[in-house]
Amino acid sequence: MKKLVPLFFVFAFALGAVQTAGAQETYSKPTKKHFYFNYFNQELTFKDSGETMKSDLGIALSMGTARWFHTKPLLGMIHIGLDTDFMDLAFTKYKNDTPEIYKGIYGGDLAFRFGPTVNVNPIGKLNAKVYAHFVPTGSFVFLNSDYVDINGDEAGMNIWGNYVTRWAIGGSVSWGTITLGVENIWGSGKYRDVKGELVNAFDEGEGEPASKMPIKLNTTRFYIGFRW
């Protein structure tokens, strides 16, 4: 009987190890890469006048990677890491409330983003992810104008833009490689006349370039994509 006691403990240890390995296999490793198709609503507000332009259509593509700080999950299901999106390209068509002046008003943004992320894998292929990102952005607005001045010259395409500091918080749920998510992005900056052709009536003298316009952006995105 005494000889059976050590064998019992060996058997129990081996059984426990097998069960632990089996339990670990029920959790999938967090993915490293992602690619998202985004649909969004965006508001562009000019701080000085308080005027706000709202998007009629907003679409974006984003892709990047996640680097996890540890291999073994905390509490058997949690990974903490750093997201890096090396491409976030967005196109916006704004509602045109002044068709007598503008043929169309469009926006374009190119951003890089990074920040902390937490992935929770409660069971099988189900993953939930939350994150907070710093989003440095090159943001532009294109105003295609029909306006003709007193000299008979058409205004043509006016381009306003600049660097804008933005932030994002969001979350997603995925099953295997398929992901659904939502996020909010906000920030502010100062647009300037990129072509340097416009004249601000408040500037002294004639031919002075238009001043920079303080703006703020607020965007709500919904996305579907792939994580692998």
| Can you hop from Trp68 to Leu75 via hydrophobic side chains spaced under 4.5 Å? | no
| request: Look at the aromatic rings of His79 and His70 and report parallel, tilted or perpendicular, splitting at 30° and 60°. | output: parallel
| request: For Asn41 and Thr220, test the side chains for any donor-to-acceptor distance below 3.5 angstrom and give the result as yes or no. | output: no
| query | Same cluster for Tyr36 and Met87 if Ile/Leu/Val/Met/Phe/Trp/Tyr side chains link at under 4.5 Å? | reply | no
| Residue pair Thr165 / Tyr163, side-chain donor-acceptor N/O under 3.5 Å | yes
| query | Side chains of Thr179 and Tyr223: donor-acceptor distance under 3.5 Å anywhere? | reply | no
| query | Is the number of heavy atoms from other residues, nucleotides or ligands under 6.0 Å of Lys32 NZ greater than 12? | reply | no
| query | Are Tyr102 and Met213 connected in a single hydrophobic cluster, I mean Ile/Leu/Val/Met/Phe/Trp/Tyr linked by side-chain heavy atoms less than 4.5 Å apart? | reply | yes
| field | ring-ring contact (aromatic ring centres under 6.0 Å, His included) between Phe112 and Phe86, intermediate numbers included | value | CA-CA 5 Å; Phe112 171 82; Phe86 47 85; 8.4 Å; no
| Test salt bridge (charged side-chain N to carboxylate O under 4.0 Å, His left out) applied to Asp48 and Lys190, step by step | CA-CA 11 Å; Asp48 290 343; Lys190 292 184 178 181; over 6 Å; no
| message | Starting from Met63, can I reach Ile224 by hopping between I/L/V/M/F/W/Y residues whose side chains sit under 4.5 Å apart? | response | yes
| query | In terms of side-chain heavy atoms, does Gln42 have a donor or acceptor partner in Thr219 at a distance below 3.5 Å? | reply | yes
| query | Do you know which of Val141, Asn158, Ile159 makes side-chain contact (heavy atoms from CB on, under 4.5 Å) with Val194? | reply | Ile159
| So, for Ala90 and Arg221, which heavy atoms are closest and what is the spacing to 0.1 Å? | CB-NH2, 3.9 Å
| said: Check whether Asn162 reaches the backbone of Tyr191 with its side chain - one donor and one acceptor, N or O, closer than 3.5 Å. | reply: no
| query | Between the side chain of Ser139 and the main-chain N/O of Thr137, is any donor-acceptor distance below 3.5 Å? | reply | no
| message | I need the single residue from Leu44, Asn96, Thr92 that forms a side-chain contact (heavy atoms from CB on, under 4.5 Å) with Met53. Which is it? | response | Leu44
| query | Is the shortest side-chain N to carboxylate O distance from Arg113 to Glu183 below 4.0 Å? | reply | yes
| query | What orientation do Phe35 and Phe37 show, parallel under 30°, tilted 30 to 60°, or perpendicular over 60°? | reply | perpendicular
| message | Pair Phe40, Phe222 - check side-chain contact (heavy atoms from CB on, under 4.5 Å), show working. | response | CA-CA 6 Å; Phe40 62 84; Phe222 305 91; over 6 Å; no
| task | Any chance you could lay out the ring-ring contact (aromatic ring centres under 6.0 Å, His included) test for Phe140 and Trp160, step after step, and finish with the verdict? | result | CA-CA 6 Å; Phe140 299 89; Trp160 289 80; over 10 Å; no
| Salt-bridge criterion met for Lys129 and Asp83 (N-O under 4.0 Å) | yes
| message | Heavy-atom count check: over 12 atoms from other residues, nucleotides or ligands less than 6.0 Å from Phe142 CZ? | response | yes
| message | I'd like to know if the side chain of Ser49 and the backbone of Glu51 have a donor-acceptor N/O pair within less than 3.5 Å. | response | yes
| message | Can you classify the ring geometry of Phe91 versus Tyr106 as parallel (below 30°), tilted (30 to 60°) or perpendicular (above 60°)? | response | parallel
| Check: Thr65/Thr84 side-chain N/O donor and acceptor closer than 3.5 Å | no
| pair Trp175-Leu180: side-chain heavy atoms closer than 4.5 Å | no
| message | According to a hydrophobic-cluster definition based on side-chain heavy atoms being under 4.5 Å apart (Ile, Leu, Val, Met, Phe, Trp, Tyr only), do Leu74 and Val118 belong together? | response | yes
| task | Could you please spell out the steps behind the side-chain contact (heavy atoms from CB on, under 4.5 Å) verdict for Leu57 and Tyr39? | result | CA-CA 8 Å; Leu57 172 67; Tyr39 172 83; 4.1 Å; yes
| request: Could you verify whether a donor N or O on one side chain and an acceptor N or O on the other, from Asn119 and Arg227, lie under 3.5 Å apart? | output: yes
| field | Side-chain heavy-atom pair Phe226, Ile178 within 4.5 angstrom cut-off | value | yes
